[in-house]
There are 2 protein chains.
Amino acid sequence: MTHIEVRNDAAANRVTIADVAALADVSVPTVSRVLTGAAKVSRVRRERVERAIAELSFRPSAAARALASRRPQVIAIIAGDTSQYGYAEAIRGVEESARASGYTVMITVVESNDDAVVEKAIAATLSQSLAGIIVLKFDPPGVAALAQMPHEVPIVALSGVRDTSVPQAVIDETRAAEELTNYLLDLGHATVHHVRVPASRREDGRTTGWRRALRTAGRDVPVILDATWDPHSGVAVGAGIAASRDVTAVFCGNDEIAMGVIRGITDAGLSVPEDISVVGFDDHPLAALWSPPLTTVDQDFARLGRRGFSLMLAEIAGEATRKYSSERPPVVVRQSAAAPSRTRGGA
Amino acid sequence: MTHIEVRNDAAANRVTIADVAALADVSVPTVSRVLTGAAKVSRVRRERVERAIAELSFRPSAAARALASRRPQVIAIIAGDTSQYGYAEAIRGVEESARASGYTVMITVVESNDDAVVEKAIAATLSQSLAGIIVLKFDPPGVAALAQMPHEVPIVALSGVRDTSVPQAVIDETRAAEELTNYLLDLGHATVHHVRVPASRREDGRTTGWRRALRTAGRDVPVILDATWDPHSGVAVGAGIAASRDVTAVFCGNDEIAMGVIRGITDAGLSVPEDISVVGFDDHPLAALWSPPLTTVDQDFARLGRRGFSLMLAEIAGEATRKYSSERPPVVVRQSAAAPSRTRGGA
DNA sequence: GTGAAAGCGCTAACAC
DNA sequence: GTGTTAGCGCTTTCAC
């Protein structure tokens, strides 16, 4: 920890509740009462206080308030990443509802699922006097953070697959993946290949749904192809797919990977969807603009964030009722999938 | 404001510094000394304290600490948006450096530049006992927030164009836009059209740089075309461009708009860059994957965030030296721009 | 080096 | 309704 000299200029003469009380000629608790609405204050005094507050541009100190009331108005978000589309949207959703309810949002990134890294992030977060913590359980760091998190304050997870450890808002990706895979089978494909993004657990919902659809239909379950979160990793995978004549349909773990895969396929001289169908997952803002426009699943991450915050509010209030909010995202049919080519599919 | 009953379970029996002091058999200030390193503590006592801290899993309360020391360890970010690529990256950069320096990051979104909205966001932020505030001055809400912000704590802006109001980290988009426009002129285009994203001020740096390059070269300065932040707005603009025979080169305010514009042009049956050259700005993660791969400017937003946090640290320390950090982003040449078509350009 | 005492800005508990 | 008295969990004097 570095030590630094601090200028004590503006911060030093903060306007306090005592200044307001003095100007309004009332006691400090009376000011507090009009601030919190915790008890009735006579109209004359209330108006005097309000005038004083306005005149002094007084803003109560959240730190002091949290300390004294033991009811902090801060929600922390823990996430493995913040700049990826789905993460950023989920954070935006949480922030939006939180702000509307008078809460502030704090963010901590967990860079990896390394124990020490996770522990440090948790420590930094928990030192913060929080009303609650929302964990983005989308990837290994998020899962690790949730697992190591002490339950000192309410915890809510945002996730693609339900588990029972804590209250959570989920987008049911398993069901959606199943539906999307069935859509491809219905188009006439003998089977569907799967390009997976880094799993948040032993197996993520998209992979599970895909496998279930194939099993239910009695189809071959091809070997899973792996990509990273980087869309460019999809290009190499796409090139490999183009080279193997038995692939006619590909379900990618997210839209960005699908874009990379399509790029790899078209660079190899094949067409999507004429030669190979490719579908994604997420409905990324650029999915409709891609060539061809991507058939995908519309995951509303911002709403996921809002639903998560609602659960959090219930937790904070101690209403042990709703512990779970699930939503099944719709398949969005565009042009990147079609009936299989007659010249491919012969393994 | 809603009032809710609070369960007083876990939060009630927080481990405090007093518990640590008791277990280690030292006074409370001594524990504080080992925590902050503010004064020397004998080795025996220090080790006893450290053992007690570990045993009790003690975590100091940031709220209490901020209150007592008047040196909060929280940085607030105010932004007009958080989920857009550049914003999300900048936030990630700030968070990364902040976390490394023992600071926590708080986020407030300003939904619009409406006075009341801005005022509310500022009030919510300032109530938070902060070490400083970083404003993302990329759009009208950000600019408005910066303008209305009282200077009670250190303020740093992240921006594309320098102004002198507060210390700021900037990516010099004016120079980059000029360079990119010159690149198109050098390719042989008579002039360059410009599709603008919503301006952060009377005129943003990209537009200024574009105009300056055209003026310097003595070329026509065409009417500016406007797009929103939504990539789809670019499609209509692209269609219009395809229909007007005098356009041979287009400089778009960002990559996503460029993708929309390209889509509009190709939907009209023309090719990029054969018929019309289109360049973007940002180097979005998908820019290289687009067809054709986008020629653009590589803005490193995450580093912008890190540079901004460095300035903030200097401000907090009261070192009135570096008030400004600028970086000129490089042009990235890919395949979306080429020499002009001979069949177009005749106005 | 170390402890006792005071206080950061606010809310809670209790009288009146 | 309103003021007085106590703290929230920590850091900061200031003695020793």
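Hydrogens, waters and symmetry mates play no part in the numbers below; they use all other heavy atoms, side chains included.
- Ion pairing between E315(A) and K323(A) holds under the 4.0 Å rule for side-chain N and carboxylate O.
- Residue Q168(A) holds its CD atom at 11.0 Å from CZ of R307(A), rounded to the nearest 0.5 Å.
- Heavy atoms of V31(B) sit nowhere under 4.0 angstrom from any nucleic acid atom.
- Look at CZ on R71(B): it is 12 Å from C1' on dC10(D), rounded to the nearest Å.
- In this structure, D19(A) places its CG atom 10 Å from C1' of dG9(C), rounding to the nearest Å.
- Out of dC10(D), dA13(C), dA12(C), the shortest distance to the side chain of P29(A) is found at dA12(C).
- One finds no side-chain N or O of R46(B) lying less than 4.0 angstrom from the OP1 or OP2 phosphate oxygen of dG1(C).
- Side chains of M149(B) and I78(B) form a contact here, defined as non-hydrogen atoms less than 4.5 Å apart.
- Atom-to-atom, CZ of R59(A) to P of dC10(C) comes out at 12 Å; the value is rounded to the nearest Å.
- Between A68(B) and V28(B), it is V28(B) whose nearest contact on DNA chain C lies nearer the 5' terminus.
- Taking every side-chain heavy atom of I17(B) into account, dT11(D) is the closest of dG3(D), dT11(D), dT11(C).
- For S69(B) and dT11(D), the shortest distance from a side-chain N or O to OP1 or OP2 is not below 4.0 Å.
- Considering only side-chain N and O atoms, S42(A) lies under 4.0 angstrom from the phosphate OP1 or OP2 of dT2(D).
- In this structure, R33(B) reaches the bases: a heavy-atom distance under 4.0 Å links it to at least one base atom across the strands shown.
- The nucleotide whose nearest atom lies closest to any side-chain atom of F58(B) is, among dC8(D), dC10(C), dC10(D), dC10(D).
- In terms of phosphate contacts, T30(A) brings no side-chain nitrogen or oxygen within less than 4.0 Å of OP1 or OP2 of dT2(D).
- For E111(B) and R92(A), the salt-bridge test fails: no basic side-chain N is under 4.0 Å from an acidic carboxylate O.
- Phosphate contact (OP1/OP2 of dG9(D), side-chain N/O of T16(B), threshold under 4.0 Å): absent.
- By the 4.5 Å heavy-atom criterion applied to side chains, V49(B) and L35(B) are not counted as neighbours.
- Checking the phosphate oxygens (OP1, OP2) of dG9(D), no side-chain nitrogen or oxygen of S61(B) falls inside 4.0 Å.
- Atom CG in L67(B) sits roughly 12 Å away from atom P in dC10(D) (whole-Å rounding).
- Close to dT11(C), at under 4.0 Å from its OP1 or OP2, lies a side-chain N or O of R65(A).
- Evaluated for a side-chain contact (heavy atoms from CB on, under 4.5 Å) with I133(B), the options T125(B), I122(B), V156(B) yield exactly one hit, T125(B).
- Remark: C1' of dG1(C) and CG of D25(B) are 15 Å apart, rounded to the nearest angstrom.
- We find that CZ of R48(B) is positioned 9 Å from P of dT2(C), with the value rounded to whole Å.
- Per the geometry, NZ belonging to K40(B) stands 19 Å off C1' belonging to dG3(C), to the nearest Å.
- For dT2(D), one of the phosphate oxygens OP1 or OP2 lies less than 4.0 angstrom from a side-chain nitrogen or oxygen of R45(A).
- Taking atom CZ on R70(A) and atom C1' on dT11(C), their separation rounds to 8 Å, with Å as the unit.
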